[in-house]
*Asks:* 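First, the structure itself, so that you have it in front of you.
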Amino acid sequence: PSIRKFFAGGVCRTNAQLPGKVVVITGANTGIGKETARELASRGARVYIACRDVLKGESAASEIRVDTKNSQVLVRKLDLSDTKSIRAFAEAFLAEEKQLHILINNAGVMMCPYSKTADGFETHLGVNHLGHFLLTYLLLERLKVSAPARVVNVSSVVHHIGKIRFHDLQSEKRYSRGFAYCHSKLANILFTRELAKRLQGTGVTTYAVHPGVVRSELVRHSSLLCLLWRLFSPFVKTAREGAQTSLHCALAEGLEPLSGKYFSDCKRTWVSPRARNNKTAERLWNVSCELLGIRWE
Ligand SMILES: NC(=O)C1=CN([C@@H]2O[C@H](COP(=O)(O)OP(=O)(O)OC[C@H]3O[C@@H](n4cnc5c(N)ncnc54)[C@H](OP(=O)(O)O)[C@@H]3O)[C@@H](O)[C@H]2O)C=CC1
Ligand SMILES: CC1=C(/C=C/C(C)=C/C=C/C(C)=C/C=O)C(C)(C)CCC1
């Protein structure tokens with residue numbers, strides 16, 4: 001049990017309650033996102049599960065509603081691999097809600113065979129980075145009027161081996177499904193860093209997170225990782241354990257001075273030198289705006 005406790009990692013210890021608060025979590029129909037949604041709903045928030053498969057979302061939502069006795073768990077369609085779907089989600093959300101206090105950019109894909117999103121972006125870059133970049137842009141005014149508000153970006157320790165390959169962002173010249181994931185997770189941290197800089201003084205803060213190595217459906221495209229996860233299951237976190245750092249960054253009091261930073265096991269953690277490069281962060285921001293056809297100063 002003590003080994004298990006060690007691998008379970010940090011625990012979010014705040015007792016913050018969330019009546020009247022509005023939360024959006026992407027990819028919350030399963031895994032870490034679902035457990036994050038469950039905890040936030042149990043604290044009284046109105047939680048929007050933003051997912052690509054509404055049926056899966058409804059099944060998660062009804063389980064959470066029963067479990068937490070909070071009827072305010074809502075499901076909305078959001079496919080991050082299609083900017084039309086992201087825009088439609090944001091438009092409907094903005095029409096429905098006057099406030100947004102917590103946005104958790106949690107959804108992710110890992111190690112999928114080469115493919116492109118509806119807008120022609122390599123899938124890892126398109127879903128994990130660009131999709132969340134656009135979603136945050138579209139929801140930002142609501143976050144600002146609801147300040148203090150927070151944006152949590154779920155990244156990964158594997159950002160350490162990621163690079164932003166500006167000369168081949170869509171991996172058309174060279175593609176490795178493992179590295180493509182790592183590159184996109186580095187992009188999550190650079191986005192967080194640059195976003196924090198641009199949000200100074202607005203009351204909206206942002207954090208990047210490594211949830212730990214967590215048992216979930218993320219490994220679905222790799223039979224090797226599926227096997228490893230099963231073999232080493234006592235050392236792999238449950239989804240509930242994996243949700244702790246996202247919860248900490250969404251809820252812990254006094255975190256504002258650490259906006260833009262990266263957390264693991266509910267503590268601030270060091271990032272790779274590439275993830276600390278302000279020039280790369282700024283260039284990625286500008287290229288992302290160009291690719292998405294938006295102006296975000
Ligand atoms: N598990 C781990 O060990 C680690 C996970 N992470 C990160 O944690 C986050 C959550 O992953 P985890 O819970 O483990 O994985 P899961 O695969 O269990 O959950 C991922 C979620 O993202 C959703 N998703 C995938 N593609 C899209 C899309 N195009 N549009 C909308 N939603 C989409 C999935 O939907 P659907 O169910 O329909 O496929 C699912 O709800 C990810 O960002 C991942 O990179 C980071 C480090 C380690
Ligand atoms: C070596 C090793 C492991 C594998 C770790 C791996 C392969 C981590 C991958 C992390 C990922 C995919 C992060 C996602 O963002 C286990 C199973 C923990 C058990 C202990 C030994």
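As the structure is a prediction and not an experimental result, all values here were calculated from the model. Below, each value reflects all heavy atoms present in this structure, side chains not excepted, and no hydrogens, waters or symmetry copies. Whatever order the structure lists ligands and atoms in, that order sets their numbers, starting from 1. Quick note: residue numbers are just sequence positions, from 1.
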*Asks:* May I ask you to decide if the ring planes of Phe191 and Phe133 are parallel, tilted or perpendicular, using 30° and 60° as cut-offs?
*Replies:* tilted
*Asks:* Over 60° means perpendicular and under 30° means parallel, so classify the ring planes of His248 and Phe263, tilted if in between.
*Replies:*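 Correct class here is tilted.
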*Asks:* Taking both backbone and side-chain atoms of Asp79, is any N or O found less than 3.5 Å from an N or O belonging to ligand 1?
*Replies:*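 Yes, since at least one N or O of Asp79 sits under 3.5 Å from an N or O of ligand 1.
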*Asks:* Can an N or O of Leu218 be found at a distance shorter than 3.5 Å from an N or O of ligand 1?
*Replies:*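 N/O-N/O distance below 3.5 Å exists for this pair.
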*Asks:* Heavy-atom contacts with Ser156 under 4.0 Å: which atoms of ligand 1 show up? List them by number with element.
*Replies:*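 It comes down to these atoms of ligand 1: 46 (C), 47 (C).
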*Asks:* Can Gly242 be said to touch ligand 1, with heavy atoms closer than 4.0 Å?
*Replies:*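 Contact check Gly242 vs ligand 1: negative.
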*Asks:* Are Thr205 and Tyr207 close enough that a side-chain donor and a side-chain acceptor fall under 3.5 Å?
*Replies:* yes
*Asks:* Examine the proximity of ligand 1 to Ala239 and report which part, side chain or backbone, both or neither, has a heavy atom under 4.0 Å away.
*Replies:* neither
*Asks:* Backbone or side chain, does any N or O of Arg220 fall under 3.5 Å from an N or O of ligand 1?
*Replies:*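 Yes, since at least one N or O of Arg220 sits under 3.5 Å from an N or O of ligand 1.
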*Asks:* Within less than 4.0 angstrom of ligand 1, does Lys185 place any heavy atom?
*Replies:*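 Heavy atoms of Lys185 do come under 4.0 Å of ligand 1.
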*Asks:* Does one hydrophobic cluster hold both Trp285 and Ile189, with members joined at side-chain heavy-atom distances below 4.5 Å?
*Replies:*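 Different clusters: Trp285 never reaches Ile189 through Ile, Leu, Val, Met, Phe, Trp or Tyr contacts under 4.5 Å.
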*Asks:* Has ligand 1 got any nitrogen or oxygen that is less than 3.5 angstrom from a nitrogen or oxygen of Arg52?
*Replies:*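 Arg52 vs ligand 1: N/O contact under 3.5 Å present.
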*Asks:* Can the ring centres of Tyr262 and Trp270 be said to be less than 6.0 Å apart?
*Replies:*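 When the ring centroids of Tyr262 and Trp270 are compared, they turn out to be at least 6.0 Å apart.
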*Asks:* Hey, is Val109 touching ligand 1 through its side chain, its backbone, both or neither, going by heavy atoms under 4.0 Å?
*Replies:*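 Val109 to ligand 1: side-chain contact only, backbone stays beyond 4.0 Å.
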*Asks:* For atom CG of Leu231, is the number of surrounding heavy atoms from other residues, nucleotides or ligands below 6.0 Å larger than 12?
*Replies:* yes
*Asks:* Would you please say whether a donor-acceptor pair under 3.5 Å links the side chains of Ser155 and His210?
*Replies:*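 Result is no, nothing qualifies.
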*Asks:* I'd like to know whether ligand 1 has Lys56 as a neighbour, heavy-atom separation below 4.0 Å.
*Replies:* yes
*Asks:* Quick one: does Ile32 get an N or O within less than 3.5 Å of an N or O on ligand 1?
*Replies:* yes
*Asks:* Is a salt bridge present between Glu35 and Arg38, judged by a nitrogen-to-oxygen distance below 4.0 Å?
*Replies:*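 The answer is yes: the pair qualifies as a salt bridge.
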*Asks:* Identify the residue among Leu135, Val22, Leu74 that makes a side chain to side chain contact (heavy atoms under 4.5 Å, CB included) with Phe93.
*Replies:* Val22
*Asks:* For the pair Arg65 and Glu63, find out whether any cationic side-chain nitrogen is under 4.0 Å from an anionic carboxylate oxygen.
*Replies:* no
*Asks:* May I ask you to list the atoms of ligand 1 that are less than 4.0 angstrom from any heavy atom of Ser81?
*Replies:* 29 (N)
*Asks:* Any nitrogen or oxygen of Gly27, main chain or side chain, under 3.5 Å from a nitrogen or oxygen of ligand 1?
*Replies:* yes
*Asks:* Where does Arg215 meet ligand 1, judged by heavy-atom distances below 4.0 Å: at the side chain, the backbone, both, or neither?
*Replies:* neither
*Asks:* So that I know where these two stand, are His129 and Phe121 an aromatic pair - ring centroids less than 6.0 Å apart?
*Replies:* no
*Asks:* What are the atoms of ligand 1, with element, lying closer than 4.0 Å to any heavy atom of Gly212?
*Replies:*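 Reading through ligand 1 atom by atom, the close ones are 2 (C), 3 (O), 4 (C), 47 (C), 48 (C).
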*Asks:* Does Asn29 reach ligand 1 with a nitrogen or oxygen that is under 3.5 Å from one of the ligand's nitrogen or oxygen atoms?
*Replies:* yes
*Asks:* Using a 4.0 Å cut-off to any heavy atom of Thr30, which atoms of ligand 1 qualify?
*Replies:* 18 (O), 19 (O), 37 (O), 40 (C), 41 (O)
*Asks:* For Val154, take its heavy atoms, then give the atoms of ligand 1 lying under 4.0 Å from any of them.
*Replies:* 7 (C), 8 (O), 9 (C), 43 (O)
*Asks:* Do any nitrogen or oxygen atoms of Val127 lie less than 3.5 angstrom from nitrogen or oxygen atoms of ligand 1?
*Replies:* no
*Asks:* Just to be sure I read this right, does ligand 1 sit under 4.0 Å from the backbone of Leu78, its side chain, both, or neither, counting only heavy atoms?
*Replies:* backbone
*Asks:* Can you sort out which atoms of ligand 1 are near Ala107, meaning under 4.0 Å from one of its heavy atoms?
*Replies:* 22 (O), 23 (C), 24 (N), 32 (N), 33 (C), 43 (O)
*Asks:* Closer than 4.0 angstrom, basic N to acidic O: yes or no for Asp265 and Lys237?
*Replies:* yes
*Asks:* Nearest 0.5 Å, what's the CD1-CG distance between Ile164 and Leu186?
*Replies:* 4.0 Å
*Asks:* Mark up the atoms of ligand 1 that fall under 4.0 Å of a heavy atom belonging to Asn106, in ascending order.
*Replies:*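 Taking each heavy atom of Asn106 in turn, ligand 1 has 9 (C), 10 (C), 42 (C), 43 (O) under 4.0 Å.
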*Asks:* Which residue from Pro211, Gly31, Gly108 reaches closest to atom 20 (C) of ligand 1 through any of its heavy atoms?
*Replies:* Gly108
*Asks:* Is Arg46 paired with Glu96 through a side-chain N to carboxylate O contact shorter than 4.0 Å?
*Replies:*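 No, no charged N to carboxylate O under 4.0 Å.
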*Asks:* Do ligand 1 and Val213 have nitrogen or oxygen atoms that lie under 3.5 Å from each other?
*Replies:* no
